[in-house]
*Asks:* 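Quick one: structure below, then a few questions.
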Amino acid sequence: MELQIIDSDYIVLNNKPIVRLFCKNINGETICVFYDKFLPYFYLHGDETKYEETIKEINKKYPNLKIEIVERLMPIGFQPPVKVLKITGDNPARTPELREFVKVFGTVYEADILFKYRFMSDFDLKGMGWINVEGKFTKTNTVKCKAFDAEEIKPLEILKNAPLRYMALDIECLPAEQRIPTPEKDMIIAVSFAFSPAYKGKDTLVLIAQLARINNDAIACESEKAMLEKMKEIIDDYDPDIICGHNINGFDIPFLLKRLEILSIPQDLGRSEKFAFSRKLQRSYMPSVSGRVIVDTFEIFKRDPWVKFKRYDLSTISRELLGMEKIELKGSYVDTMREMWRTKNVIDLIEYSKRDAVLALKLVVDKSLLDKFFEISKICGLLLQDALGGQSQRHEFKLLKEFYKRKFIMPCKPTSVSDRIKKHGLKGALVLEPQVGFHEWVVCLDFTSMYPSLIRANNICTTTFLTNGENVDHIVSPYGSKFVKPSVFKGVLPDVVDEYLNARVLVKKQAKIETDPENKRILKAKNLALKDLSNSLYGYTGYVRSRLYVVDIANTITAFGRDTITYTKKLIEENFPVKVIYADTDSVFIKSDVKSLEESEKLGIEISSFVSSKLTGLDLKFEKIFKTFLIEAKKRYAGWVFEREGTGWTDRIEMKGIETVRRDWCSLVSDTMLDVLNIILKEKDINKASKYVRQIVGDLAKGKMPLEKLTIVKGVTKAIDAYDGVQPHVELAKKMMQRDKTKSLVGERLGYVIVKGNQLLSKRAEDPDFVKQNGLEVDPEYYVYNQLLPPLERMFEVCGITPSELLEGVKQKSLLDILNGQKQLPPDKTVLKSFELAVCNNCNWSFRRPSLTGNCPKCSSPLYFSAAGSIGRTVDFNKK
DNA sequence: GGCTCTCGGGG
DNA sequence: GTGTACGAGAGCC
């Protein structure tokens, strides 16, 4: 029988463990596989000459333990095999106790591996992986699905996934006050579901905790307890593989479990008799529902480094990705819910609750959100639930498996991490000082998978690390650390990296020719998974909680990286008539006097293949062309990018570090920033850009700007008295609560504008509606000097326009003067050129930036602009 | 620039 | 469940 592993755990029967694998077959049936021939074990490394004694000592206290002397390889430092004790126990739950007891005899290894993972590692089974099982179906009341007693379990390689059942879940509560509800005090009044595929012909279902009048999509229950029992019935009946929701880990699941406890309802939400639980650690909760996977869309999106949102609430993400939003309530949540509940008019409640479930489900199913995580599971071996978590566990388990295959033993996780944090000292990547300013025709090249390539090329691993200058063939890194050559021993890390990089090349190739859309999707997801895994692997040795923490190795990798980029710059500038104007980690930005896309591309390719040929194991690639490029500082730039697409080019504006959208800015700022950048980059017309800014300033001063564009939104997160500083939105909340004593604004997001007046700034925050009704005026000075100018000034400054020039030197005067006495900018010299120097024609005085007038500030003669590059000649840009 | 502090999502 | 895990952005020198 062929099955795909969804989840795993174990139970203890007669003091012996039985591993359970919750699986799906290709038809979507749930089958739980039992395996009872595997026992927990770990290693002890102590004084090898005293092992016989040690065994006796341990057996005195634990007579039934099987203890063998075996040969294994140590995880850190290249060295010959050592003898260790392999201690095999019976009940995994008692391993910690055993571990503590034997610690006095030496160092323990692998004594903190979860039993299900010990089993999966040794049998080479993977989360979301397929297996072939032999055995027979059996009867049991410990699981709610079909049960199968396995004699043999073997891994299989199958690309496709079994059809899964997805359920989104969302609860609504009735808080007694204006605050986020707590399960100890507040009840659940509604539970909504969305299903994929449909459940009994329904895509959604809402349960209500009172016998109110309802519509077709809902079921009215006589109490909260009856509703939650009904909810369990539906979960068991639908039997979802995936339960998803937005912030379901941080809210719904823990809330639900606590309510079940309070109402004395068993918490068996999973596929077995085991109770679901959700453990809190620091900020986040870890859910565990046996046989199922809990997917929190909030956590997934927040953790995704490739897609950024302004906010991570369900409404924002759904709007961006699905073009759909949450239903907006007319009043505050508490007031609305209490009113609906009191009047038993729950139709709106049903709609509201249903929408949340529908959105969460759509984000997961319609956006194929889990594809990448399925592949991460299949590659590193973690169960899907754990693959949704952080990077470190992924590498940890993959490396455990690879260590096991090669007879290396893995250290336990560090118990205390503070000493590591104290003297951490990991030096990062190299970022060259950029040539600040405006440039044209910039070619961008970057190393594909630089860190993984360096690991592979130099055999960097804890297992190849030479701790003392042993007499074996080795390389010495720029950091000074030594690693044995692959001919002596090929490291585990390089092997894993090699597997990832090769797989990626293959997967990309396959994806191109694959015609089946599902397979194509999976291959694309696999490519992303491999990219994430290979790029983050290097960080594992420098991660303070790592089992393989060796800062020297992490430092070696970044040192290699810094050397590589420095050498690349040198190679390029010594062999080509170009200048490297910026470089960051694994990319270089090159300026030449080439002036077309095709020529730039040709040059880029020529340079990159030259560099690649000089650096073995590394591949520098032509990436893109910036037709125009504005760089303010390290990691802060914007450019008009052209990328090759087939026979043509695609273009877009790319921004790094220059934020045009920020939560605490009003939309006027974001809009203006974007418009100005577009003018500068696409039209190169700084005059037009500054005129544009002055026009906005003018509109502001005349009060022509719509209030919506000036509204700044901030959340009132805590009780008003709990704030000690004076903040505009908090002051406004106070005022508004004064005006309407019934209102509480705690927990709400408050929009405000700053109005004219001579009070303290924060006291002048006002409700936009109140401003409209009472004909108040906004304070243009505030918007110009506090909102608009700060982000714009730097952009203009690097283009050679000082803040005072931007507003025609009237910054000191009142805004009215700007309007009345607006001078014209000089007609020419306002089109941006990329230059390195402005030199006076008359007195030869040179300036890093030209003045806006185009005349020398010293002697008023016209300036000329020159570009001095590494090419050793000066190009005259003023050939009129 | 580097460091510490805050707050997020949910109802 | 052989467990024990934040991280980006803002504010401050």
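Residue numbers start from 1 in every chain, and the chains themselves are labelled A, B, ... in the order their sequence lines are given, proteins ahead of strands. The shown structure was predicted, so the numbers you read here are calculated from the model rather than taken from an experiment.
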*Asks:* Can you check the distance between C:dA8 and B:dG9, where both ends of the measurement are the P atom (answer in whole Å)?
*Replies:*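 One P to the other, the span is 14 Å.
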*Asks:* Within the 4.0 Å heavy-atom criterion, would you say A:Leu314 contacts the bases, only the backbone, or no part of the nucleic acid?
*Replies:*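 Contact class for A:Leu314: sugar-phosphate only.
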*Asks:* Scan A:Asp356 against the nucleic acid and name what it touches under 4.0 Å (heavy atoms): base, sugar-phosphate only, or nothing.
*Replies:*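 Answer is sugar-phosphate: A:Asp356 comes under 4.0 Å of backbone atoms only.
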*Asks:* Separation of A:Glu184 atom CD from B:dG11 atom C1', in whole Å?
*Replies:*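 Atom CD in A:Glu184 sits about 14 Å away from atom C1' in B:dG11.
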*Asks:* Looking for any heavy atom pair under 4.0 Å, which part of the strands does A:Leu98 touch: base, sugar-phosphate only, or nothing?
*Replies:*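 Result for A:Leu98 = nothing.
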*Asks:* Within the structure shown, what part of the strands sits under 4.0 Å from A:Pro96 by heavy-atom distance: base, sugar-phosphate, or nothing?
*Replies:*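 A:Pro96: backbone/sugar contact only, no base atoms under 4.0 Å.
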*Asks:* Out of curiosity, A:Asp112 CG to A:Lys413 NZ, how far, rounded to the nearest 0.5 Å?
*Replies:*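 Spacing of CG (A:Asp112) from NZ (A:Lys413) equals 6.5 Å.
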*Asks:* Among B:dG11, B:dG1, C:dT2, find the nucleotide with the atom closest to the side chain of A:Pro181.
*Replies:*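 Nearest to the side chain of A:Pro181 among the choices is B:dG11.
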*Asks:* Measure from the side chain of A:Thr95, starting at C-beta and using heavy atoms only, and say which of C:dC6, B:dG9, C:dT2 lies closest.
*Replies:*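 Closest of the options to the side chain of A:Thr95: C:dT2.
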*Asks:* Report which part of the nucleic acid A:Lys326 touches: base, sugar-phosphate, or nothing (heavy-atom distance under 4.0 Å, all strands).
*Replies:*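 Sugar-phosphate, no base atom in range.
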*Asks:* Classify the nucleic acid contact of A:Arg94 as base, sugar-phosphate or nothing, counting any heavy atom under 4.0 Å across all strands shown.
*Replies:*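 Contact class for A:Arg94: none.
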*Asks:* With the side chain of A:Lys116 defined as its heavy atoms from C-beta on, choose the nearest nucleotide among C:dG1, C:dT2, B:dG11.
*Replies:*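 Of C:dG1, C:dT2, B:dG11, C:dG1 is nearest to the side chain of A:Lys116.
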*Asks:* So, does A:Thr558 use its side chain to make a donor-acceptor pair with the main chain of A:Asn555 at under 3.5 Å?
*Replies:*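 Side chain of A:Thr558 to backbone of A:Asn555, a donor-acceptor pair under 3.5 Å: yes, one is there.
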*Asks:* Please state the C1' separation for the pair C:dG7 and C:dG3 - nearest whole angstrom.
*Replies:*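 Approximately 22 Å lies between the C1' atom of C:dG7 and that of C:dG3.
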*Asks:* Output the single nucleotide from B:dG11, B:dG9, C:dT2 whose closest atom is nearest the side chain of A:Ala111.
*Replies:*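 Taking heavy atoms from C-beta onward, the closest nucleotide is C:dT2.
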*Asks:* Atom CG of A:Asp304 and atom P of C:dG7: how far apart are they, to the nearest Å?
*Replies:*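 Computing the A:Asp304:CG to C:dG7:P distance gives 14 Å.
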*Asks:* May I ask you to decide whether A:Glu110 forms a salt bridge with A:Arg118, counting only side-chain N to carboxylate O separations under 4.0 Å?
*Replies:*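 Salt bridge: yes.
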*Asks:* Looking only at side-chain N and O atoms, does A:Lys413 come under 4.0 Å of OP1 or OP2 in C:dG3?
*Replies:*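 So the side-chain polar atoms of A:Lys413 never come under 4.0 Å of the phosphate oxygens OP1 or OP2 of C:dG3.
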*Asks:* What is the distance from CZ of A:Phe301 to P of C:dA8, rounded to the nearest Å?
*Replies:*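 Whole-Å distance recorded here is 17 Å.
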*Asks:* Are any of the side-chain nitrogens in A:Arg20 or A:Glu273 under 4.0 Å away from the carboxylate oxygens of its partner?
*Replies:*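 A:Glu273 and A:Arg20: salt-bridged.
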*Asks:* Using whole Å, what does the distance between atom P of nucleotide B:dC7 and atom CZ of A:Arg311 come to?
*Replies:*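 Spelled out: CZ on A:Arg311 to P on B:dC7 is 14 Å.
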*Asks:* Checking all strands, does A:Gln393 fall into the base, sugar-phosphate, or nothing category for heavy-atom contacts under 4.0 angstrom?
*Replies:*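 Result for A:Gln393 = base.
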*Asks:* Reckon A:Arg303 has a side-chain N or O less than 4.0 Å from the OP1 or OP2 of C:dG7?
*Replies:*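 Looking at the OP1 and OP2 atoms of C:dG7, neither is under 4.0 Å from any side-chain N or O of A:Arg303.
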*Asks:* Counting side-chain heavy atoms from C-beta on, which of C:dA5, C:dT2, B:dG9 comes nearest to A:Arg99?
*Replies:*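 Shortest atom-to-atom distance from the side chain points to C:dT2.
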*Asks:* Heavy atoms under 4.0 Å, any strand shown: does A:Tyr109 hit a base, just sugar-phosphate, or nothing?
*Replies:*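 It contacts nothing in the nucleic acid.
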*Asks:* With heavy atoms under 4.0 Å as the rule, sort A:Asp9 into base, sugar-phosphate or nothing.
*Replies:*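 It contacts nothing in the nucleic acid.
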*Asks:* Establish, for the pair A:Lys274 and A:Tyr10, whether the NZ or CZ atom is under 6.0 angstrom from the six-membered ring centre and no further than 45 degrees off its axis.
*Replies:*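 Verdict for A:Tyr10: a cation-pi partner in A:Lys274.
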*Asks:* Looking at A:Asp7 and A:Arg292, is there a salt bridge between them, counting it only when a charged N and a carboxylate O are closer than 4.0 Å?
*Replies:*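 Result for this pair is no, no salt bridge flagged.
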*Asks:* Looking at A:Asn14 and A:Lys16, would you say the former's side chain and the latter's main chain have a donor-acceptor pair under 3.5 Å?
*Replies:*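 Side chain of A:Asn14 to backbone of A:Lys16: no pair is present.
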*Asks:* Atom CD of A:Gln282 and atom P of C:dA8: how far apart are they, to the nearest Å?
*Replies:*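 So the CD-P distance, A:Gln282 to C:dA8, works out to 15 Å.
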*Asks:* Does the side chain of A:Arg545 get closer than 4.0 angstrom to OP1 or OP2 of C:dA5 through an N or O atom?
*Replies:*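 The answer is yes; a side-chain N or O of A:Arg545 sits under 4.0 Å from OP1 or OP2.
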*Asks:* Can you identify which nucleotide, out of C:dA5, C:dG3, B:dG11, has its nearest atom closest to the A:Arg279 side chain?
*Replies:*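 Of C:dA5, C:dG3, B:dG11, C:dG3 is nearest to the side chain of A:Arg279.
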*Asks:* May I ask you to say what A:Asp313 touches in the nucleic acid, namely base, sugar-phosphate or nothing, with a heavy-atom cut-off under 4.0 Å?
*Replies:*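 Counting heavy atoms under 4.0 Å across all strands, the contact made by A:Asp313 is with sugar-phosphate only.
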*Asks:* Give one of base, sugar-phosphate or nothing for A:Lys302, where a contact means two heavy atoms less than 4.0 Å apart.
*Replies:*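 Base contact.
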*Asks:* For A:Tyr117 and C:dG1, is the shortest distance between a side-chain N/O and OP1 or OP2 below 4.0 Å?
*Replies:*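 So the side chain of A:Tyr117 is outside the cut-off, no N or O lying under 4.0 Å from OP1 or OP2 of C:dG1.
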*Asks:* Measuring from the side chain of A:Tyr333 (C-beta onward, heavy atoms only), which nucleotide among B:dG11, C:dG1, C:dT2 has the closest atom?
*Replies:*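 Nearest nucleotide to the side chain: B:dG11.
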*Asks:* Return yes if a side-chain donor-acceptor contact under 3.5 Å exists between A:Glu172 and A:Tyr333, otherwise no.
*Replies:*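 There is such a pair (donor and acceptor under 3.5 Å, judged by atom type) between the side chains of A:Glu172 and A:Tyr333.
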*Asks:* Identify which nucleotide among C:dG1, B:dG11, B:dG1 has an atom closest to any side-chain atom of A:Leu114, counting heavy atoms from C-beta outward.
*Replies:*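 It is C:dG1.
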*Asks:* Considering every strand and a 4.0 Å limit on heavy-atom distances, what is the contact class for A:Met286: base, sugar-phosphate, or nothing?
*Replies:*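 The residue A:Met286 makes base contact.
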*Asks:* Using whole Å, report how far NZ of A:Lys308 lies from P of C:dG7.
*Replies:*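 About 11 Å, once rounded to whole Å.
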*Asks:* Does the ring of A:Phe251 lie flat against the base of B:dG10, closer than 5.5 Å centre to centre with planes under 30°?
*Replies:*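 By the stated criterion, A:Phe251 and B:dG10 do not stack.
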*Asks:* Just how far, in rounded Å, is C1' of C:dT2 from CE of A:Met120?
*Replies:*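 Going from A:Met120 (CE) to C:dT2 (C1'), I get 16 Å.
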*Asks:* Side chain of A:Asn247 only, heavy atoms from C-beta on: which candidate in B:dG9, B:dG11, C:dT2 is closest?
*Replies:*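 Within the option list, the nearest is B:dG9.
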*Asks:* Select base, sugar-phosphate, or nothing to describe what A:Glu299 touches, counting heavy atoms under 4.0 Å on all strands.
*Replies:*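 Since no nucleic acid heavy atom lies under 4.0 Å of A:Glu299, the category is nothing.
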*Asks:* Rounding to an integer number of Å, can you tell me how far A:Phe119 CZ sits from C:dG1 P?
*Replies:*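 Taking CZ of A:Phe119 and P of C:dG1, I get 16 Å after rounding.
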